[in-house]
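Throughout, a chain's letter reflects where its sequence line sits, starting with A, and its residues are numbered from 1. FYI, side chains are in, hydrogens and waters are out, and symmetry mates aren't considered; it's all heavy atoms of this structure.
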Amino acid sequence: MAKTVEEVAEAMYNMIKDATGLKKLKATDLTKGIIEMFGDEVDKQICKDAIKQLVNSGRCVYTYFGGSFIELPHKEGAAND
Amino acid sequence: MAETKSQTPKLDELEKGRWPSFVKEIKTAAQKSPMAADLLGQLELSYNEKIGHWKHGGIVGVMGYGGGVIGRYSDVPDKFPNVSHFHTIRINQPAGWFYTSDALRKLCDIWERHGSGLTNMHGSTGDIIFLGTSTPHLEPIFSELTQAGFDLGGSGSDVRTPSCCVGPARCEWACYDTLALAYDLTMNYQDELHRPAFPYKFKFKMSGCPNDCVASIARADCSIIGTWRDSIQMDKDAVREYADRGMDIRSEVVDNCPAKCMDWDGKELHIDNSYCRRCMHCINIMPKALRPGKDRGAVVLLGSKAPIIEGALLSSVLMPFIKIEAPYRQIKDVIERIWDLWCEEGKNRERIGEFIQRVGLGNFLEAIDVEPVAEMVAHPRENPYVFYEEYFVEDEEEEKK
Ligand code: SF4
Ligand code: SF4
């Protein structure tokens, strides 16, 4: 059965949380990971929508370190007060 | 008037001479802006120590967007507290960089309220660049910009703000409406522009003719350059007028034709248009006598980039000639197939040109469902990529007989 945007967003959120401190994930990593996890129950558009939902809600943020990544909001070492 | 905190003998050297000086401009801004004053101090320190004092990157942006703000912090905030945060903002420029004076005033007012007042009109990406603000000002700037009809541009691994030459708005050589295409791509790819989803950046640049005033062939992942496929339009009387006024048509025009497809017998100019490379040289030299042909469109090229991870690349031909007409489906369809493949198979920080080099042009074309054509060959007898399988099949069948 096709997954909802909310279900995909939740699975993505968990992937990002599990990878925190180990590996920074890009949108493409999340999309590939979700397609591997749910197979035919998802497509690229639903992954796009799920990322949009995570970022618009503030649960995740875009970061830039040479390329763009999606991470949990945090205060980084480089940021001045 | 805010006091300039630093003495800047090294920077002062850069004010000398007749050319414009960024130091002079920053000093002018420093009379009103403590941020600009501290910027001078930190720059002087960098010149003295021969080391940069900026830290880049991280989580800096506006809600929902992954591009448009480039985070920058000072690593000597105790010495220069006013540039402790000094983020850059990229703002999507209007196609062809046309503004009303009212729009420019609005931009400057917003920036004086929320940032250093220093701008770069325009950055090499084509965007309006606002240099230097702090994190708490980002959302207010964004909100005021959108109220004034502006939006942020691209940064990071996304579609960068599409940029184009002035095209038909001011230039008689434009072979298609660059402004309309730039605007359409910008509006159509808003998600791709603001929500980085690619292995790395992707730039569109559009030039109306092969003069390529936005240097798209050297700077864009996708260069769309105006051209024509019929014959150069010629006014023979105007050619003779150039000769009568002293132009040496043989040495200035004919001998510099890269295709060697022109001839001048002292009375008449002949062009073998089947060999013309559409380089614009002759047209630029004799603009009153020669014009691009009437059957106009564009060539779409892929893959140029400046040296970052790997060396520089120039774009190479993907579609030798297409008509450029709204809604531009032919360009969008192929670009979207390219993005799908690149997102699937591209490595982190691999530009599309590098990706094509890695997988091979033949495999790339097959995956995006584009037939190879002779114009894609950059140098004759040097293209090991494309195999015409049907010939092999024919050969094998011949051998079996
Ligand atoms: S690229 Fe060609 S059409 Fe565009 S401004 Fe330059 S000369 Fe004109
Ligand atoms: S456009 Fe360039 S290649 Fe064509 S005839 Fe003129 S000089 Fe030669």
Worksheet entry | Residue selection (most heavy-atom pairs with chain A, distance under 4.5 Å) from B:Asp340, B:Asp158, B:Val60, B:Asp75 |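 When all of B:Asp340, B:Asp158, B:Val60, B:Asp75 are compared, B:Asp340 has the most.
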Worksheet entry | Best-contacting candidate, B:Gly61, B:Pro77, B:Pro196, B:Ser84, against chain A by heavy atom pairs under 4.5 angstrom | B:Pro196
Table please: side-chain donor-acceptor pairs of residues 9-18 of chain A below 3.5 Å, with sequence neighbours left out.
{"from": "A:Glu10", "atom 1": "OE1", "to": "A:Arg59", "atom 2": "NH1", "distance (Å)": "3.2"}
{"from": "A:Asn14", "atom 1": "ND2", "to": "A:Glu10", "atom 2": "O", "distance (Å)": "3.3"}

Worksheet entry | Enclosure of B:Lys347 NZ (heavy-atom neighbours >12, cutoff 6.0 Å) |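 No, the 6.0 Å shell around NZ holds no more than 12 heavy atoms from other groups.
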Discussion item. Please rank A:Thr63, A:Ile51, A:Ile70 by heavy-atom pairs under 4.5 Å with chain B and give me the top one.
Written reply: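 Ranked by heavy-atom pairs under 4.5 Å with chain B, first place is A:Thr63.
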Worksheet item: How would you list, by chain and number, every residue that makes a ring pair (Phe, Tyr, Trp, His ring centres under 6.0 Å) with B:His53, sequence neighbours excluded?
Response: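 Listed in chain order: nothing, the list is empty.
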Fill in: OG on B:Ser155 to OH on A:Tyr62, rounded to 0.5 Å
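OG of B:Ser155 is found 11.5 Å from OH of A:Tyr62.
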Worksheet item: For B:Gly156 and A:Ser68, which heavy atoms make the closest approach, and how far apart are they?
Response: CA-OG, 3.3 Å
Worksheet item: Does anything in residues 22-40 of chain A get under 4.5 Å of chain B by heavy atoms, and if so which residues?
Response: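 The list, in residue order, reads A:Lys26, A:Ala27, A:Thr28, A:Lys32.
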Item to complete: Evaluate the side-chain contact (heavy atoms from CB on, under 4.5 Å) criterion for residues B:Asn348 and A:Phe69: first the C-alpha distance (whole Å), next the side-chain angles of each, then the deciding distance (0.1 Å), finally the verdict.
Response: CA-CA 10 Å; B:Asn348 188 22; A:Phe69 299 90; 3.9 Å; yes
Worksheet item: Can you list every pair that meets salt bridge (charged side-chain N to carboxylate O under 4.0 Å, His left out) and has a residue in residues 189-198 of chain B, with sequence neighbours left out?
Response: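 Those involving residues 189-198 of chain B are A:Lys48-B:Glu192, A:Lys52-B:Asp191, B:Asp191-B:Arg195.
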